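Here the structure comes first, spelled out in structure tokens, and everything after it is commentary.
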Amino acid sequence: MQILQLIRDRFRVVLEPMLQDPALLGATLERIVPSREAQLADYQANIAMPLQKVLGKPPLEIAKSVVDGLQVSDICSNVSIAGAGYINLRLSPEWMASEVMAADRDERLGVGRVSQPKTAIIDYSSPNVAKPMHVGHIRSTVIGDAISKVMRFLGHRVITDNHLGDWGTQFGMIIYGYKHFRDEGRYAAQPVAELSRLYRKVQGISGYQESLGNLPKFEQGVEQAHNRVRMVEEKLQGTPNDKKVIKELAAAQRGVEVAKEELRAEREKVESAQRDEELIRDSQAHSNIYEKVLAETAALHRGEEENLGLWHAFLPNCKDEIHSVYRRLNVEFDHEYGESFYHAMLPAVVEELFAKSMAVNSDGAVCVFLDGFDAPMIVQKQDGAYLYATTDLATAMFREREFAPDISLYVVDHRQGEHFTKLFAVLKKLGYDRTDFRHISFGTVMGSDGKPFKTRSGSTVGLESMLDEAVSRAMEVVCDPTTGASGQMDQAEQQLIAETVGLGAIKYADLCHNRTSNYIFDMDKMVRLEGNTSAYIQYSYARIKSILRKAEEKGWGESSFRSVPVRLTEGSEGGVSLHLLRFEDMLHQSMVDYTPNMITEYLYELAKLFSSFYDQCSVLNASTREEALSRLQLTSLVGKTLRKGLELLGIGVVDRM
RNA sequence: GGGCUCAUAGCUCAGUUGGAUAGAGCAACGGAUUUCUAAUCCGUAGGUCGAAGGUUCGAAUCCUUCUGGGCCUGCCA
């Protein structure tokens, strides 16, 4: 049920004759919204105040004439004017009751399919294969998966594509590692583990050599920072009270601290590497390893037989590893073309850019210069190699040919904002202007120190170990035999609950923050049963299932409670019902800017409203059979809505916990 | 240097795109239980929405300046 549209349609009848301009009419109708203050109204129309200039009448007079013409007696029990000219609507309990009944009888819980479905490509997760997945991948995966599921449920044609990094430098590293460091036995027994070891080994040597090479640069940086302070100090002597210069001095002094810290961190990296004798030995034997890695990568890209053969041998293993993570997360994709798929198309992309006079040679590289940006988009390097911008162009062009999408979403972290702005600008210039390209950017996962989430030793946190920890924490919290129903369960059921609650906690914690902001990762908080967590909602669901089981035992199954009408008498019943009926509106709203946190907020609110109802209104021990059956219907719909909502977020439920 | 972005209660965060007295959750304090799973519910307290101007019927939200963080910035992805 789309209540908002229903109400707006009623207002349209009144407003259309008053407002000639269709754009104004549309904007005015958009000012009819759910009320923020539940005590004041269910819905409010903030339309009279902005119209006072247009119509040349005082707002209260406008509001009155609108209300006089408004025909809503079938759905509203009260329409009033308040304050500066707010029109407040209260939905009638009878109408809500009939809508609750309809929703409970509908497989889709009363949610319709959009009348004009759109084709949407959603590009998310997109890790580099052969590198272990880490925390950084969780947001893209979880947000993209949720958006896909919601859009699909609303009736759009959704095509998901996991744009795997399967063609990059990491394969150069593995190939180099395989050629120089492989352990045949281990490779035969556990290829994935061995490849991963090889990757880490080469990466380690390369990182060490890079840090070593960086030291003089960072030392120089500190030196320069000091020089800058001296310069500003001299300048300040000339103009002692110039505020700007004083500020400049402070900035310069901070610059010294930053430079020192950078140098210190880099030295520490080097020193800790130097404690690793094997690494030092290997580093001496393989000097300039990164250049050699790039050479292996280039050979692969040229199609050199040995490297291409190794790539073909490694890729399935690497993919298997990644797929096992997706299986656990219950995430699926329609396509997994990956970067390698586009490799052969890249020369044609560059040619087309030249043909349309968009590309130029600059310092030996092929560049596309764009208005408003100093730096160009580079599509081919001096050495002839292509870059990810080139691949992204080829990918978008392929998708246009193959799927003709109306919407194309890239769920990628915010640091790539400028890249996508440029990419979309180039695509538009190339003539792909019928597609709504959007960068669905998101913030960084931070540690409790407010810095990007890392382990104590400073490395990134592995995704799988994080999932394991969430599950074991969930086990501690949820399967405490003194609380809940866990005392009655065998180990297998407890394990299933821990898995469902643990993974749900990770996903929910991610989704419940506005995607654009950074958030602080706090495992303790996210597996709790109190507060805005998945476990609280899952627990509400389990209690609902418990009531429904007991009702069934009393002979009050679905067919029984559906035989009586729903009646909303208590305040908490009305509160739950109103919220239930907003499900569809909320789903649409959450897809305007692709903000899944609107869904978590809705579900949390629903669970809270239900707990309140649960506390105030006994279902099975209601005063009459009719009342009990009426409340059972409400309970049933809350349960189904919670389950559906969580399902759309990729989160499961359990029948008891 | 240029660009993007953020700053809301002690802490973690919302804020439906400019609407009424700025909301949740933790933590703190006070209540409720012969329980349909108290893993709950009800209440109290907590705010100069970073600062200062501006735009208008009305600003946490839009504009300008400032302060302080984060990120990006020519051949990594």
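Owing to the predicted nature of the structure, the values given are computational and were not obtained by experimental measurement. Every chain is numbered from 1 and lettered A, B, ... according to where its sequence line falls, protein lines coming before strand lines.
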Take the protein atom CD of A/Glu605 and the nucleotide atom C1' of B/G15, then report the distance between them rounded to whole Å.
13 Å

Value for CG (A/Leu632) from CH2 (A/Trp556), rounded to nearest 0.5 Å, stands at 7.0 Å

Return the value, rounded to whole Å, for the distance between atom CG of A/Asp522 and atom C1' of B/C11.
10 Å

Which whole number of Å gives the distance between the P atom of B/C6 and that of B/G10?
23 Å

Scan A/Asn88 against the nucleic acid and name what it touches under 4.0 Å (heavy atoms): base, sugar-phosphate only, or nothing.
base

Using 4.0 Å as the upper bound for N to carboxylate O, is an ion pair formed by A/Arg415 and A/Asp413?
yes

Have a look at A/Met657 and say if it touches a base, only the backbone sugar-phosphate, or nothing, with a 4.0 Å heavy-atom cut-off.
base

Whole-Å gap separating P (B/U40) and CZ (A/Arg543):
8 Å

Out of A/Leu4, A/Ile3, A/Asp42, which residue meets the side-chain contact (heavy atoms from CB on, under 4.5 Å) rule with A/Pro34?
A/Leu4

Could you tell me whether the side chain of A/Glu601 has a donor or acceptor atom within less than 3.5 Å of a complementary atom in the base of B/A24?
no

I'd like to know whether NZ of A/Lys554 has more than 12 heavy-atom contacts from other residues, nucleotides or ligands below 6.0 angstrom.
yes

Scan nucleotides 71-77 of chain B nucleotide by nucleotide, 5' to 3', and note B when protein non-hydrogen atoms come under 4.0 Å of the base, S if they reach only the sugar-phosphate, - if neither.
SS-BBSB

Using a distance-only test with no angle check, is there a side-chain donor-acceptor pair under 3.5 angstrom linking A/Tyr43 and A/Asn88?
no

Out of B/U37, B/C13, B/G19, whichever nucleotide has its closest atom nearest the side chain of A/Pro50:
B/G19

Could you measure between the two P atoms, the one in B/G43 and the one in B/A24, and give it in whole Å?
10 Å

What is the distance from CG of A/Asn514 to C1' of B/A14, rounded to the nearest Å?
8 Å

For RNA chain B, which consecutive runs of 3 or more Watson-Crick or G-U pairs (each distance under 3.5 Å) count as stems?
B:1-7 with B:67-73, B:10-13 with B:23-26, B:28-32 with B:40-44, B:50-54 with B:62-66

Find out whether the Lys NZ or Arg CZ of A/Lys381 is both under 6.0 angstrom from the six-membered ring centre of A/Tyr386 and within 45° of the ring's axis.
no

Residues of residues 523-537 of chain A with any non-hydrogen atom less than 4.0 angstrom from an atom of RNA chain B: list those, numerically ordered, please.
A/Lys525, A/Arg528, A/Leu529, A/Glu530, A/Gly531, A/Asn532, A/Tyr536

Is it the case that the side chain of A/Arg631 and the backbone of A/Glu626 share a donor-acceptor pair, with hydrogens and angles ignored and the cut-off at 3.5 Å?
no

With rounding to the closest Å, how many angstrom separate the C1' atoms on B/C42 and B/U33?
13 Å

Separation of atom OH in A/Tyr604 from atom C1' in B/G15, rounded to whole Å
16 Å

Determine: side-chain N/O of A/Ser546 to OP1/OP2 of B/U37, distance under 4.0 Å, yes or no.
yes

Hey, does the Lys NZ or Arg CZ of A/Arg528 hover above the aromatic six-ring of A/Tyr536, less than 6.0 Å from the centre and inside 45° of the axis?
no

Considering only atom P, compute the distance from B/A51 to B/C4 and round it to an integer number of Å.
23 Å

Of the nucleotides B/G15, B/U16, B/A39, which has the atom closest to the A/Gln589 side chain?
B/U16

Expressed in angstrom and rounded to an integer, what is the separation of A/Tyr519 atom OH from B/C13 atom P?
10 Å

What integer distance in Å separates A/Asp615:CG from B/A39:P?
13 Å

Whichever of A/Gln44 and A/Leu620 has its nearest RNA chain B nucleotide further upstream toward 5':
A/Gln44

Rounded to the nearest Å, what distance is computed from the CG atom of residue A/Asn46 to the C1' atom of nucleotide B/U16?
12 Å

Distance criterion of 3.5 Å, no angle test: do you see the side chain of A/Arg36 paired donor-to-acceptor with the base of B/G23?
no

For atom P, what is the distance between B/U61 and B/G18, given to the nearest Å?
11 Å

On the nucleotide B/A14, are OP1 or OP2 found under 4.0 Å from the side-chain N or O atoms that A/Ser517 carries?
yes

Under 3.5 Å donor-acceptor, A/Ser140 side chain and A/His137 backbone:
no

Sticking with atom C1', work out how far B/G53 lies from B/C13, rounded to a whole angstrom.
30 Å

Under 3.5 Å, is there a donor-acceptor pair between the side chain of A/Lys422 and the main chain of A/Gly417?
no

Of the listed nucleotides B/A20, B/C36, B/G23, the one nearest the side chain of A/Glu37
B/G23

Main chain of A/Ala607, side chain of A/Ser611: is a donor-acceptor contact present, judged purely on distance under 3.5 Å?
yes

Determine the interatomic distance between C1' on B/A20 and the same-named atom on B/C11; round to the nearest Å.
30 Å

A/His163/A/Tyr342 aromatic ring centres below 6.0 Å:
yes

Per side-chain contact (heavy atoms from CB on, under 4.5 Å), A/Met173 is matched among A/Lys131, A/Gln203, A/Glu296 by A/Gln203

What nucleotide among B/G25, B/C13, B/C41 has an atom nearest to a side-chain atom of A/Ser611?
B/C41

On a whole-Å scale, what distance lies between the P atoms belonging to B/C63 and B/A7?
14 Å

